[in-house]
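Notes follow the structure.
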Amino acid sequence: QKEVEQNSGPLSVPEGAIASLNCTYSDRVSQSFFWYRQYSGKSPELIMSIYSNGDKEDGRFTAQLNKASQYVSLLIRDSQPSDSATYLCAVIAGNQFYFGTGTSLTVIP
Amino acid sequence: SQTIHQWPATLVQPVGSPLSLECTVEGTSNPNLYWYRQAAGRGLQLLFYSVGIGQISSEVPQNLSASRPQDRQFILSSKKLLLSDSGFYLCAGEGGNTEAFFGQGTRLTVV
């Protein structure tokens, strides 16, 4: 079983809509969770980190963590064409980083 | 702030030639370091993981090797490149339960 699983997409949303990206992980003792954005041909950049159950908001981005369900999500409000990218979920388990395969998001103008 | 310097940004190498990609870390000590490869439109494939000098874990059997001669230096090598070694190579580091930070990546094309 993979440590981190994401729906590869592609996910398409109209401009201004809410994009919802989901991720599940297998290690129950994981404590640190991250969302990265990767534009084509570029290296991933950190968007959000979350360590506690519940929601964490940063501008148009909200990360949600549910440790009981081993589920972490990212909501992007008022989606913009510049949000079109691949979004990678990452988890620290056993002192090692694990990345999901990423979800491709396209925001349609 | 934590920074990874990775070079070169692009590289074209003939089949059978050697390879050496280097990354260096600034702004943190004793980081965990990673080498990933990414095929076009695909996810990150973990190649090597290091928790310290001389400590390398290999995730998949392959034509590549890695070394960590110094705390903040991580090197990816090959003695003879294959066409299948083409891809986008990323070096990443993290200071222990904190976010991972990435180098700019190296686009390797084996011809």
Side-chain angles (χ1 to χ4, degrees), chain A residues 2-11 21-25 27 29-52 56 58 61 63 65 72 74 84-106, chain B residues 1-11 21 23 25 27-28 30-52 55-60 74 86-109:
Chain A
K2 292 183 179 179
E3 294 286 344
V4 182
E5 302 224 31
Q6 293 181 253
N7 186 329
S8 62
L11 174 66
L21 305 162
N22 304 314
C23 172
T24 57
Y25 59 95
D27 189 341
V29 301
S30 296
Q31 295 295 320
S32 304
F33 308 87
F34 309 89
W35 281 100
Y36 286 79
R37 177 176 62 199
Q38 185 180 24
Y39 292 113
S40 181
K42 302 295 185 181
S43 60
E45 55 181 340
L46 180 71
I47 298 176
M48 296 278 289
S49 59
I50 186 167
Y51 305 98
S52 303
K56 179 181 178 182
D58 183 0
F61 298 97
L65 175 61
V72 58
L74 180 70
S84 298
T86 296
Y87 290 80
L88 300 165
C89 172
V91 171
I92 294 180
N95 197 36
Q96 183 172 338
F97 249 85
Y98 292 90
F99 284 88
T101 54
T103 298
S104 175
L105 171 67
T106 300
Chain B
S1 63
Q2 299 162 332
T3 307
I4 286 197
H5 300 282
Q6 184 183 345
W7 67 91
T10 59
L11 189 60
L21 300 180
C23 83
V25 181
T28 187
N30 196 30
N32 294 332
L33 295 175
Y34 305 77
W35 276 111
Y36 292 94
R37 179 170 60 201
Q38 189 174 36
R42 306 296 295 274
L44 299 174
Q45 180 189 26
L46 179 61
L47 301 176
F48 298 98
Y49 166 57
S50 172
V51 297
Q55 301 179 65
I56 309 292
S57 297
S58 176
E59 293 296 314
V60 294
F74 202 24
S86 294
F88 188 48
Y89 288 82
L90 286 159
C91 179
E94 47 94 3
N97 287 318
T98 62
E99 68 269 17
F101 47 103
F102 287 83
Q104 67 170 351
T106 297
R107 174 76 57 194
L108 172 65
T109 303

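Every heavy atom of this structure was used, including side-chain atoms; hydrogens, water molecules and symmetry mates were not. First the proteins, then the strands, lettered A, B, ... as listed; each starts at 1.
Here A:Gln96 is the residue among A:Gln96, A:Glu45, A:Gln6 with the most heavy-atom pairs under 4.5 Å with chain B.
Across all non-hydrogen atoms, the minimal contact from B:Leu44 to A:Leu88 is CD1-CD1, 4.1 Å. Residues B:Glu99 and A:Tyr51 share a closest heavy-atom pair of OE1-OH, 4.4 Å.
There is no contact between A:Tyr98 and chain B, counting heavy-atom distances below 4.5 Å. Only the side chain of A:Gln38 comes within contact range of chain B, judged by heavy atoms closer than 4.5 Å. Using a 4.5 Å cut-off between heavy atoms, B:Gln38 touches chain A through its side chain atoms alone.
For an aromatic pair to be called close, the ring centres must be under 6.0 Å apart, and A:Phe99 with B:Phe102 satisfies this. If you look at A:Phe97 and B:Tyr49, their ring centroids are not closer than 6.0 Å.
Of the possible donor and acceptor atoms, one in the side chain of A:Tyr36 sits under 3.5 Å from a partner among the backbone N and O of B:Ala100. Under the 3.5 Å distance criterion, the side-chain polar atoms of A:Ser43 are matched with a main-chain donor or acceptor of B:Gly103.
Side-chain contact check for A:Pro44 versus B:Leu90: some heavy-atom pair is nearer than 4.5 Å.
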